[in-house]
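Encoded as structure tokens, the structure appears first; notes follow it.
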Amino acid sequence: MITDAAVAAVIAEETALFTAANPRSADLARKAAAHWHRGVPFHWMLDWGTPFPLFVERAAGAELWDVDGHRFDDFCLGDTGSMFGHSPPPIAEALARQGARGLTYMLPGEDAVAVADALAERFGLPFWQVTSSASEANRAVIRWCRGITGRDKILVFNGCYHGAVDDVFVDLRDGVPELRRSLVGQVYDVREHTVVVEFNDLPALEEALATGDIACVLTEPALTNVGMVLPDAGYLEAMRALCTKHGTLLVFDETHTISSGYGGHSATFGPMPDLFVLGKPVAGGVPCAVYGFSAEVGARMERCRAEGETGHSGIGTTLSANALAMAAMRACLTQVMTREAYAHMLALGDRLAERVAQVIRANGLEWHVAHIGARGEFICASNAPRNGTEARAAMQGPLERALHLFLINRGVLIAPFHNMTLVSPATRPDQVERLAHVLDDCLKTLIGKSQ
């Protein structure tokens, strides 16, 4: 129903509209290009599909304003970093208070006790460590799993994303493991130490673990970075049982699936992993991440440490657990990521998924809508993907660019990498309705029904 010509026409028209509407951003983009490589301080800022970056003036709650004075309903929320809203007052106040008392000491403060207690209570694992990012947390977890098991291999799933961790950049192409082509400067073959299988393929997982040389399975409970791929009924429970049977540690990276409920996917739906990683939103967007682990894993870590030499272990950086991040995390965990906040987010997340599905059906499209708690995604294919290969096949690059540009030009932001939306505690029902109306206008324009 949507032709390539219609997509090209919408991209051309919306690109011209964006350029005309954002002269201040265009001017700042020209100035920034003088010394920032590719014109931005971080290259992901170019991934929105706009002719030049949209420069932000401020953000609050679930709204964002650009330098040209446009207001946006923000369903991207910093690609999860601000999943609980931009600058919630408790976090802003904690940052201001701590900022006057010191930013980093390489020593703990009182916040450390409160944060540890909150993490253990919420997520059900007794021991924790803090890093500066989920990438760093995943690196640490992989290193610990290899160290305490004496095994050198890890297992990941096709289409996974666990940050900038070399070990996970392996895909399946026509069933054959292949180094991810986007990985820059890789000088050794990570396939020697990383096994990759399809998500939801239980026989493939069982066959891989039966070799007895897999230190850990590292996965999101639901894949969220190759589009959204939900687990089959009973799949995670079977994964848990297989890991236990074969002496493999199970690691859940819940940086995105924290949207599932108050204790993330693990505490909300089960099963419990041996190790748990949470990044981006845990300190309200201040660079910070945590990893937790069972008492058994903690004891094995101590034995591993005792067998080695003292000194740098390859785990941690100087600014990990800095005072500013700890203050922000305490405020976020105890005052922002509350049960009441989740009640609002989950109900409105359901409503958003329902409204998007209604709009898609009303326009005669056989697209799929998936959501898990406060996180939703519409996929430009009729069937829900069950693995990374199917999810990649459902991606429609030019069509998605047209959709994103159309929404941006009408004051709605969704995640730039695919069609992902987030609902925060500050998101309002009228913002959900506005997204649905703008998406409806966009689809009618692409189909050729708009007047």
field: Donor-acceptor side-chain pairing of S260 and T257 below 3.5 angstrom
entry: no
message: Taking the basic N atoms (NZ, or NE/NH1/NH2) and the acidic carboxylate oxygens, is any pair closer than 4.0 Å for D152 and R146?
response: no
- prompt: Does a donor on one side chain sit under 3.5 Å from an acceptor on the other, for T244 and R240?
  reply: yes
message: Do S266 and P273 have side chains that approach each other closer than 4.5 Å (heavy atoms only, starting at C-beta)?
response: yes
task: Could you tell me whether the side chain of L249 reaches within less than 4.5 Å of the side chain of I214, counting heavy atoms only?
output: no
- prompt: Any luck finding a side-chain donor-acceptor pair between H162 and D167 under 3.5 Å?
  reply: no
Aromatic F199 / basic R386 pairing, under 6.0 angstrom, 45° off normal: no
task: Examine distances only and state if a side-chain atom of R410 and a backbone atom of F406 form a donor-acceptor pair shorter than 3.5 Å.
output: yes
query: Hey, are E433 and R428 close enough for a salt bridge, meaning a charged N less than 4.0 Å from a carboxylate O?
result: no
field: Test item: I142 and V165 side chains (from C-beta on) under 4.5 Å apart, heavy atoms
entry: yes
query: T255 and T80: which non-hydrogen atoms are nearest, and at how many Å?
result: O-CG2, 3.5 Å
task: Indicate the atoms forming the closest heavy-atom contact of L236 with G270, along with that distance.
output: CD1-O, 4.3 Å
field: Aromatic plane relationship, W44 with F42 - under 30° parallel, 30 to 60° tilted, over 60° perpendicular
entry: tilted
- request: Would you kindly say whether R355 and Q358 are connected by a side-chain donor-acceptor distance under 3.5 Å?
  value: yes
- prompt: Got a donor-acceptor contact below 3.5 angstrom from the N363 side chain to the I360 backbone?
  reply: no
query: Just checking, is any N or O donor in the side chain of R151 or T248 under 3.5 Å from an acceptor N or O on the other one?
result: yes
message: Strictly distance-based, threshold 3.5 Å: is any side-chain N or O of Q431 a donor or acceptor partner for the main-chain N or O of A62?
response: yes
- request: Please examine the side chains of V290 and W128, heavy atoms only from C-beta on, and report whether any two atoms are closer than 4.5 Å.
  value: yes
query: Ring centroid separation for F276 and F123, is it under 6.0 angstrom?
result: yes
query: Salt bridge between D171 and R191, side-chain N to carboxylate O under 4.0 Å?
result: no
task: Give a yes or no on whether the backbone of G411 and the side-chain of R434 come within a donor-acceptor separation of less than 3.5 Å.
output: yes
message: Would you say CD of E110 has more than 12 non-hydrogen atoms from neighbouring residues, nucleotides or ligands within 6.0 angstrom?
response: no
- prompt: Going through the distances and angles, do E198 and N158 end up as a side chain to side chain donor-acceptor pair (under 3.5 Å)?
  reply: CA-CA 5 Å; E198 293 283 13; N158 185 31; 3.2 Å; yes
query: For H368 and N383, does a side-chain donor sit closer than 3.5 Å to a side-chain acceptor?
result: no
query: Looking just at side-chain N and O atoms, do D350 and H371 make a donor-acceptor pair shorter than 3.5 Å?
result: yes
query: Do the charged groups of R351 and E354 touch, with an N to O distance under 4.0 Å?
result: yes
- request: Return yes when atom CD of E207 has more than 12 non-hydrogen atoms of other residues, nucleotides or ligands closer than 6.0 Å, and no otherwise.
  value: no
field: Heavy-atom neighbours of R173 CZ exceed 12 at 6.0 Å
entry: yes
